[in-house]
Amino acid sequence: MPILSLITFLPIVGVFFILSMDSKRSELIRVTALLVSIVVFFISLPLYFTFDAHTYEMQFVEKLQWIPSFGVHYHVGIDGISLFLILLTTFITPISILASWHITKNVKEYMVAMLVLETGMVGVFISLDVFLFYVFWELMLIPMYLLIGIWGGPRRIYAAVKFFIYTMAGSVFMLLAIIALYFLNHRATGEYTFNLLEFYRLDLSFAVQFWLFLAFAFAFAIKVPMFPFHTWLPDAHVEAPTAGSVILAGVLLKMGTYGFVRFCLPLFPEASHTFIPVISWMAIVGIIYGGLVSMVQDDLKKLVAYSSVSHLGFVMLGIFAFNIQGIEGGITQMINHGLSTGALFLIVGMLYERRHTRMIADFGGLTKQLPVFATFFLIVTLSSIGLPGLNGFVGEFLILVGTFKSRILYASIATSGIILAAVYMLWMFQRVMFQEITHEENKTLKDINKREFAILIPIMLTIFWIGIYPNSFLRKMDASVNHLLKQVGEKANVASRVHKPKKSGQLQKNVIPKIDIVPECRTEW
Amino acid sequence: MITVTHYLVLSAILFTLGVVGVLVRRNAIIIFMCIELMLNAVNLSFVAFAHYLNSMQGQLFVFFTMTVAAAEAAVGLAIIVAVFRNKETVNIDDINIMKW
Amino acid sequence: MTNISMMTFNILSILPILILAGFGMIVLLLDVLTSRRLGEKNLLAYVSLTGIVIAAIFARNPTGTTLFSFNETFTIDNYSLFFNFIFLLSTGLTILISHSYIKREEINYGEYYALLLFSTIGMMLMAAGADLLNIYVGLEVMSISIYILTGFKRSKLVSNEASLKYFLLGAFATGFLLYGISVIYGSTGTINLKQIAGFIAGKGGISDPLLLMGMGLIIIGLGFKVASVPFHAWVPDVYEGAPTAITAFMSVGPKAAAFAAFLRIFMTAFGSAHYEWQKIIFILAVLTMTVGNIVAIAQTNIKRMLAYSSIAHAGYLLIALVAANDMGVSGTLFYILAYTFMNIGAFAIVIVLSHKGDEFIQINDYAGLGFKHPLLAIAMTLFMLSMAGVPPMAGFVGKFYIFSAAIKSGYVGLAVIGVVNSVISVYYYLRITVIMYMRESNREFTPLTISPLIVAAIVISVFGTLQLGIFPSKIMEIAHQATFLLK
Amino acid sequence: MLNLVGLILLFPLIGTAINGLIGKRLRKETVGYVACGSIGLSFFISVLVFCGLLLLPPGERLFEKQLFSWIESGSFKSTAGLQVDPLSSLMILIVTGVGFLIHIYSIGYMHEDKGYHRYFCYLNLFTFSMLLLVLGNNFLLMFIGWEAVGLCSYLLIGFWFEKKSASNAAKKAFVVNRVGDFGFALGIMLVFLTFHSIDFTEVFSAASHGNFEAGSFTVTIITLLMFMGATGKSAQIPLYTWLPDAMEGPTPVSALIHAATMVTAGVYMIARCNVLYMLSPFTMTVVASVGAVTALFAASIGLVQNDIKRVLAYSTISQLGYMFLACGVGAFTAGVFHLMTHAFFKALLFLGSGSVIHALSGEQDMRKMGGLRNHIPVTYKTFLVGAVAIAGIPPFAGFFSKDEILLESLVRGNLLYWIVGAVAAFLTAFYMFRLLFMTFHGVSRVEHHAMEHLHESPGNMTLPLTVLAALSFFGGFLGIPGASVINSFLAPVFGGHGHTEVSGAEAGVHHSAWLSSLMMVVSTAIALAGIFLAYQMYSKKPELPGKLAERFRVIYKLLLNKYYVDEIYDALFVNPIKKISVQLWKRVDAGMIDGSVNGIARLVGGFSNILRLLQTGYVRNYAFYIVVGCIFIIIFAVLGKVKF
């Protein structure tokens with residue numbers, strides 16, 4: 001039973017369904033979209049239960065010929081790393097559709113965009129054929145761009161175009177790297193294919209690895225977003241509709257980190273080792289910078305956006321620790337960030353629905369008026385701070401332990417990030433929820449209604465579930481992460497860094513090789 | 001003794017004259033005449049090569065260029081007339097509605 | 001060459017051309033016979049369409065091998081057949097979209113369709129020409145009929161100006177082309193591409209400066225037709241001035257024919273001297289892409305913007321020419337076909353939305369289209385994103401093909417420039433969707449020049465763009481076939 | 001009996017759940033019963049567990065109960081397991097015992113408050129977290145309790161969230177605790193790195209048997225980092241500023257969290273990791289000196305404070321200083337013993353001050369009190385017992401524990417420690433009785449409206465006071481210098497090394513019984529002197545403090561404003577960070593990155609406009625471009641042999 005293809009293309013069936021409906025009956029459209037996404041979620045559940053955690057091999061694999069002359073196949077499959085990201089996608093989409101009940105403008109186009117977005121996202125996580133991956137990677141851009149652009153806030157056009165061009169600029173270089181890989185694989189094995197698993201077996205010279213890693217890393221760093229490339233995130237989040245920013249924060253950002261784990265690390269091991277300092281420092285700067293800047297934001301969504309920069313800085317740090325704790329922590333933190341930041345955006349959206357403003361100064365003392373809302377908001381704030389017992393802590397602590405094992409200096413600076421997290425989140429929470437009610441309108445706000453309750457409850461349960469019993473997640477990842485580590489080879493980072501870190505052979509070599517990426521191929525072909 | 005290079009030099013001169021004519025002159029008809037001059041320069045070089053190489057293809061080519069030049073002349077003049085009827089001028093410096 | 005060997009007169013090779021010529025004459029006659037009223041000239045459109053279809057049926061090569069006729073000057077191989085298919089497709093689509101257009105603009109004369117057919121003949125000649133003479137004649141037949149078509153709106157000064165500019169500059173550039181041919185003839189003694197290739201191979205590369213000059217001049221002549229940068233200046237003005245249907249036709253048909261000739265000459269005749277000319281074409285490609293994309297950003301008129309975008313696409317095609325390997329050729333073939341669908345589709349929508357006298361072709365006039373005419377807007381978005389090279393559409397596969405060819409030949413630098421250019425192009429293609437979906441409409445779209453034919457054209461283009469985007473393997477296979485016989 | 005330990009944690013959790021989820025709909029009484037009942041039950045089970053432990057022979061009084069494996073990633077295993085040994089059983093008795101009394105007290109104290117169910121839900125959650133901290137069998141579980149306790153203190157300090165000062169104090173408490181937790185987290189990671197496990201038993205056995213010689217670099221770093229966490233949680237010198245502000249919360253909260261249980265977590269942690277601390281003498285000196293300095297420093301500030309709860313807050317900080325001093329010199333038992341007795345009499349003092357405030361309907365400023373002795377007799381009597389105990393007058397509990405610390409600091413540490421400790425003891429006695437005299441004795445300065453409904457606290461408030469008073473009195477007898485029951489009880493935990501029997505054979509340091517009895521006399525004398533001086537200044541000649549304040553104006557102002565420490569912290573840390581981040585946002589984010597991105601966009605736009613002008617519209621220009629192109633190509637083709 002081709003479960004993966006079902007999950008990917010069922011939303012498209014839903015899209016055709018919705019297109020056939022009359023656009024006046026928006027209620028019907030909303031319900032169908034919700035039903036379709038819920039059905040997709042329930043179809044994706046067996047993935048978790050029937051997932052065999054002992055093998056690192058790809059599971060639920062489907063392979064069909066797509067473009068024979070290029071050797072492109074519709075080749076999909078998942079392993080421990082991508083399993084949870086798919087579940088996160090299918091879990092968040094119904095919630096964000098439910099959260100966009102108040103959208104009244106062009107509901108039909110909105111729901112079509114959401115469902116196509118879901119297809120794009122799931123497609124990215126399951127595709128094992130690099131060409132297919134790139135197609136889904138770009139496909140998912142269009143609906144997101146339309147979501148931000150049409151239903152967004154005042155500066156939506158600037159934000160939407162900036163989002164599109166930022167991602168596109170990164171991914172075109174990845175395209176070239178893919179083509180280069182394609183030909184290198186042909187030169188090595190003699191047959192044309194885009195199969196990722198065969199690319200894993202390629203052993204490339206360091207110079208080639210260096211440049212290809214740079215191309216892939218540039219595309220993913222923009223998506224993560226890592227420090228210098230992050231300026232599109234606050235704009236996109238501030239202008240996107242609630243559901244848009246929930247999905248943007250919940251899933252789209254994970255494609256960058258997923259890309260690193262799926263492509264950069266296994267394909268270019270030596271280059272990854274050389275890049276550990278660069279990427280780790282970018283991540284650390286991202287953590288501290290994200291924390292500091294979000295402290296002084298006056299717009300709620302901008303604050304949460306910068307906090308995502310900080311959280312994903314942690315994830316990148318974990319991934320580039322190159323040990324089991326770091327990577328598993330990174331993957332768990334990806335899911336946690338999806339849940340807690342997604343929930344934060346939902347909550348900010350609820351505030352926006354009531355008061356049509358996102359400025360912190362307009363709120364104050366809401367706890368007396370909205371007690372249930374306050375409890376949910378508090379739990380989500382604590383989960384995003386990384387309070388033990390909730391999901392944030394598990395991921396963050398594993399990342400820090402992993403980074404500590406590989407390089408103590410990085411971990412000690414990064415751990416200061418948890419102080420910053422506490423500062424900016426609690427300061428925001430205090431200014432929004434505590435103190436007396438200063439504005440008249442806040443006095444007449446209504447507490448959470450049933451729909452909003454139904455949105456937040458599933459996320460709360462998962463937050464507690466990951467916080468209290470994370471093993472149900474970690475055990476599924478072990479095999480795949482171990483395999484990834486074997487591929488990357490743990491030789492570069494000595495297990496115990498307590499004594500002075502000895503100079504690893506890797507760093508002496510000239511780090512920037514000369515620019516003849518495919519030197520010999522010109523003459524030979 | 002006239003060698004083929006003499007002919008080539010002559011056709012090159014004629015060709016350059018034609019090109020300069022197109023660049024310098026303002027009247028559409030004069031420009032068109034200069035273009036014809038360029039084509040004839042080419043015919044000259046064709047004939048010179050044909051004679052030098054003692055092969056018929058060059059001569060053959062000249063026939064084709066002449067017929068094409070004739071057709072082009074007919075169409076070109078018709079277009080210039082149409083322009084004149086609308087704008088009462090043939091000076092191409094006045095014809096620049098479309099720019100940037 | 002004492003006796004003239006009996007020309008291998010093979011009727012099959014020029015059958016499509018004869019059919020088209022015949023139908024051209026029939027259309028002219030019918031125009032005379034049918035009534036004076038301009039209204040019901042539909043008959044002419046249908047007749048020319050049937051002509052196209054019949055020509056398409058006969059445009060195939062049962063023998064499967066390269067067929068030479070007319071004393072080695074005319075060749076029927078998969079390469080020229082593929083191009084024939086492109087020419088017929090573009091002319092057919094142009095007829096579909098121009099039917100309602102010329103009725104609206106009151107230039108509904110029979111000669112319009114006849115000239116279209118004649119220019120298609122010219123293109124076929126160019127594509128199938130195995131020697132410089134045939135290519136030249138084909139070029140001229142095509143160009144002359146298009147000069148007239150450009151100036152078809154006699155009453156409008158804009159159309160006259162466009163045709164005048166196109167005529168003067170076209171003739172001027174052809175002058176260079178001819179001069180090049182004569183010089184090549186002089187230095188190699190022949191104008192047949194195969195023999196030139198033999199001559200150069202014999203000499204072991206080009207060392208004779210005269211031949212190099214000839215090659216340069218040919219690049220200029222064809223460069224003009226293909227609209228590569230230093231020679232592109234005519235494109236924006238002519239595309240803006242000409243009737244929109246003709247602009248659509250011009251941006252696809254002649255450009256394809258020019259590339260067909262470009263590839264054939266440089267892959268067969270100068271194939272072994274790749275090293276000499278790849279430097280020039282490299283520079284031309286870079287210049288064309290960059291200027292085309294950058295200037296397109298500042299355009300406000302959609303026709304001028306599409307003109308610059310067609311210049312940019314010419315730049316991408318030149319990359320494939322620089323790559324000069326089998327992948328490059330099949331890439332060009334595929335890209336041109338994809339480009340045909342995208343471009344004609346886009347122009348069809350421009351026609352539908354514009355009013356009499358080519359009003360409302362400013363980009364801002366498209367504001368709010370997204371929610372007024374959703375289907376048209378979706379089709380336009382599809383074409384724009386396809387031209388930008390966004391995956392599920394044909395444009396992406398075309399660009400992917402060409403960049404692979406470039407990397408396969410080691411031109412990574414060129415591929416990087418190409419990729420950066422397509423990112424720049426994303427901006428102005430995206431701006432159309434921004435204006436359509438994210439701005440409130442400020443005008444009434446109502447009197448759309450819509451007719452079943454133009455709707456058919458749009459549907460075919462959309463289907464073509466998606467088909468080539470999602471299931472391109474069949475077309476790629478045919479394109480791949482076409483390259484083998486070229487060498 | 002021992003494996004009932006899981007229930008100790010379960011009951012408070014159930015209490016929290018009930019009050020939290022459906023508390024709003026229950027009547028106030030049921031909420032009270034549910035909360036107190038759950039703590040009472042867990043106290044009862046703690047006693048059972050304690051007895052179960054006593055039955056075991058002293059040697060192996062260690063019981064571990066594995067619940068489930070919490071986080072397991074590669075070699076990093078953290079199981080959720082509970083560990084009962086003499087130290088933790090003592091701690092759970094204190095936490096649940098004092099907690100139970102305070103719960104009963106809060107029923108009365110918080111009766112009129114609207115957020116009644118919310119208060120008890122948080123209080124139960126706090127008890128659960130504290131028990132988790134104490135019972136955890138590995139560092140990570142302790143860390144969970146550590147941060148959860150910080151969370152509950154945040155919730156309870158900011159209970160009256162309308163008050164801006166309360167929510168500020170809550171945020172400050174959490175952030176300062178987080179700074180401490182930063183060090184603690186790093187410490188745990190370093191433990192994992194060096195011992196490849198974070199389980200107490202494994203780590204401590206590896207440390208003691210392993211080849212770690214005293215003063216090894218890694219262990220010192222670990223212990224220092226852990227101590228940083230302890231200073232954050234137990235409000236020692238660098239990170240103590242949050243405790244005085246924490247008085248914004250309800251008084252029973254101050255009693256439970258900021259006197260008896262949470263602040264002692266730091267001491268418990270050091271006692272728990274005594275093996276590691278013994279291995280790094282440098283850290284021990286750091287702990288001892290920080291403790292001593294804090295004791296003196298806080299006591300000095302306490303002299304001049306006018307808010308009744310602030311005085312008690314600073315006295316807590318100084319008493320905690322004593323406990324760290326004890327641990328610092330190696331006398332862990334003395335530290336834990338003082339922790340226990342301090343929990344009793346400090347909770348008593350806080351609850352007493354709470355009932356005073358309750359009686360004066362919210363008045364906290366001592367200058368508006370006085371002469372309440374006969375209006376609220378029970379509170380006065382119990383308050384007196386507490387004051388005497390903390391001052392260290394025999395036979396009250398405070399005397400035994402503080403005296404032992406002073407003795408150990410002299411014997412084990414050096415004279416300087418003893419002097420600082422003694423001076424701090426003198427100041428403690430002085431400010432406690434200053435507080436007593438200002439509130440209960442002398443002329444009544446109570447405002448008019450407060451006077452009318454001045455009434456004695458209801459039964460359920462005075463009962464806990466009396467019980468605590470009794471405990472403050474009898475608590476001391478557990479550690480009588482001769483037959484110290486608590487020493488023998490805790491010995492196995494501290495491995496019997498380091499702490500000397502006050503009486504009888506000592507290991508290492510030799511001193512005779514006469515030295516300890518001399519010390520007892522000296523400390524009692526110090527305490528009496530303090531009380532006498534307070535008596536002179538505040539009941540005999542009330543105008544004396546005013547004159548003194550005039551003469552030593554500078555010192556008085558310095559002490560009153562708490563050495564301006566808060567202002568210094570703001571100037572050094574808080575404001576600069578705010579300014580930097582605004583600069584970062586404006587300058588770097590909007591300026592550099594966005595600037596450059598938009599700059600490139602404008603650049604391309606500019607180019608586009610320039611190139612656009614090339615289209616002049618004149619045919620001649622176009623022809624000219626063609627000719628120029630032609631010239632370049634010809635030259636390039638013919639001459640260009642340049643290698644490309």
Side-chain angles (χ1 to χ4, degrees), chain A residues 162 166 228-231 234 289 291-297 306 323-325 328-329 365 367-368 371 375 378 382 385 387-389 393-394 397-398 400-402 404-405 408 411-412 415-416 418-419 422-423 426-427 429-430 433-436 468-471 474-475 477-478 482 496-498, chain D residues 20 24 68-76 78 80 118 129 140-141 143-148 150-151 154-155 158 161-164 166-168 170-171 174-175 177-179 181-183 185-186 188-190 192-194 217-218 577-578 580-582 584-585 588-590 592-594 597 601:
Chain A
K162 187 172 184 180
Y166 248 82
F229 313 114
H230 67 286
T231 46
Y289 177 80
L292 285 178
V293 171
S294 56
M295 205 173 4
V296 288
Q297 293 305 325
Y306 278 111
N323 49 36
I324 182 132
Q325 288 82 9
E328 279 195 354
T367 320
K368 193 190 296 84
T375 355
L378 180 66
L382 295 176
I385 291 175
L387 188 90
F393 173 75
V394 175
F397 199 81
L398 274 179
L400 290 174
V401 164
F404 205 89
K405 252 173 79 172
I408 290 185
S412 11
T415 319
S416 70
I418 60 172
I419 306 174
V423 168
L426 288 184
W427 192 21
F429 192 78
Q430 177 204 342
M433 302 310 283
F434 288 160
Q435 283 138 17
E436 321 75 27
I468 292 160
Y469 191 66
N471 270 348
L474 294 172
R475 290 294 68 66
M477 299 179 201
D478 283 345
N482 281 327
S496 149
R497 277 288 165 160
V498 173
Chain D
K24 203 189 283 278
F68 57 91
S69 106
W70 183 40
I71 297 184
E72 202 188 316
S73 154
S75 59
F76 180 82
S78 155
R118 193 158 59 86
S129 331
L140 206 59
L141 218 54
F143 187 67
I144 292 179
W146 195 271
E147 291 236 350
L151 164 71
Y154 166 76
L155 293 172
F161 48 77
E162 295 86 12
K163 290 218 302 256
K164 184 163 182 19
S167 50
N168 269 338
K171 169 166 68 65
F174 193 87
V175 168
N177 280 343
R178 220 40 193 320
V179 172
D181 298 350
F182 161 74
L186 284 182
I188 296 174
M189 289 182 228
L190 198 52
F192 171 66
L193 201 60
T194 26
F217 177 72
T218 342
I577 288 182
K578 279 209 189 97
I580 292 169
S581 23
V582 169
L584 268 183
W585 177 31
V588 172
D589 221 50
M592 272 190 345
I593 301 177
D594 260 0
V597 164

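In what follows, chains carry the letters A, B, and so on, assigned in the order in which the sequence lines appear, proteins first and then strands, with residues in each chain numbered from 1. Everything numeric in this text was worked out from a predicted model, so none of it was measured.
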Search all heavy atoms of [X] against all heavy atoms of [Y] and return the closest pair with its distance.
X      : Y      : answer
A:M433 : A:T367 : O-OG1, 2.8 Å
D:T218 : D:L190 : O-CD2, 4.1 Å
A:V394 : A:P470 : CG1-CB, 3.7 Å
D:I593 : A:P228 : CG2-O, 3.4 Å

Among the listed options [options], the residue most often paired with chain D at heavy-atom distances under 4.5 Å:
options                        : result
A:E328, A:K368, A:Q435, A:R475 : A:Q435
A:N471, A:N482, A:V401, A:I385 : A:N471
A:M477, A:K162, A:H230         : A:H230

Can you confirm whether or not the ring centre of A:F229 sits under 6.0 Å from the ring centre of A:Y166?
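Distance test on ring centres: not under 6.0 Å, no.
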Give a yes or no on whether the ring-centroid distance for D:F192 and A:F404 is below 6.0 angstrom.
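Here the rings of A:F404 and D:F192 have centres that are no less than 6.0 Å from each other.
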Counting only N and O atoms by type, is there a donor-acceptor contact under 3.5 Å from the side chain of A:S416 to the main-chain atoms of A:S412?
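Here the side-chain-to-backbone pair does not exist.
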When you measure from the side chain of A:Q325 to the backbone of D:S73, do you find a donor-acceptor pair of N or O atoms at a distance under 3.5 Å?
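Looks like yes, one N/O pair under 3.5 Å.
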With only heavy atoms counted, which part of [X] is less than 4.5 Å from chain D, the side chain, the backbone, both or neither?
X      : answer
A:L378 : side chain
A:L387 : both
A:L474 : side chain
A:L382 : side chain

Please classify the contact between [X] and chain A as side chain, backbone, both or neither, with a heavy-atom cut-off of under 4.5 Å.
X      : value
D:S78  : neither
D:V588 : both
D:Y154 : side chain

Interface residue of largest heavy-atom contact number with chain A, from D:S69, D:A601, D:A185, under 4.5 Å:
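Max contact count across the listed options: D:S69.
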Give the member of D:I580, D:D594, D:D589 that has the highest number of heavy-atom pairs under 4.5 Å with chain A.
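The answer is D:D589.
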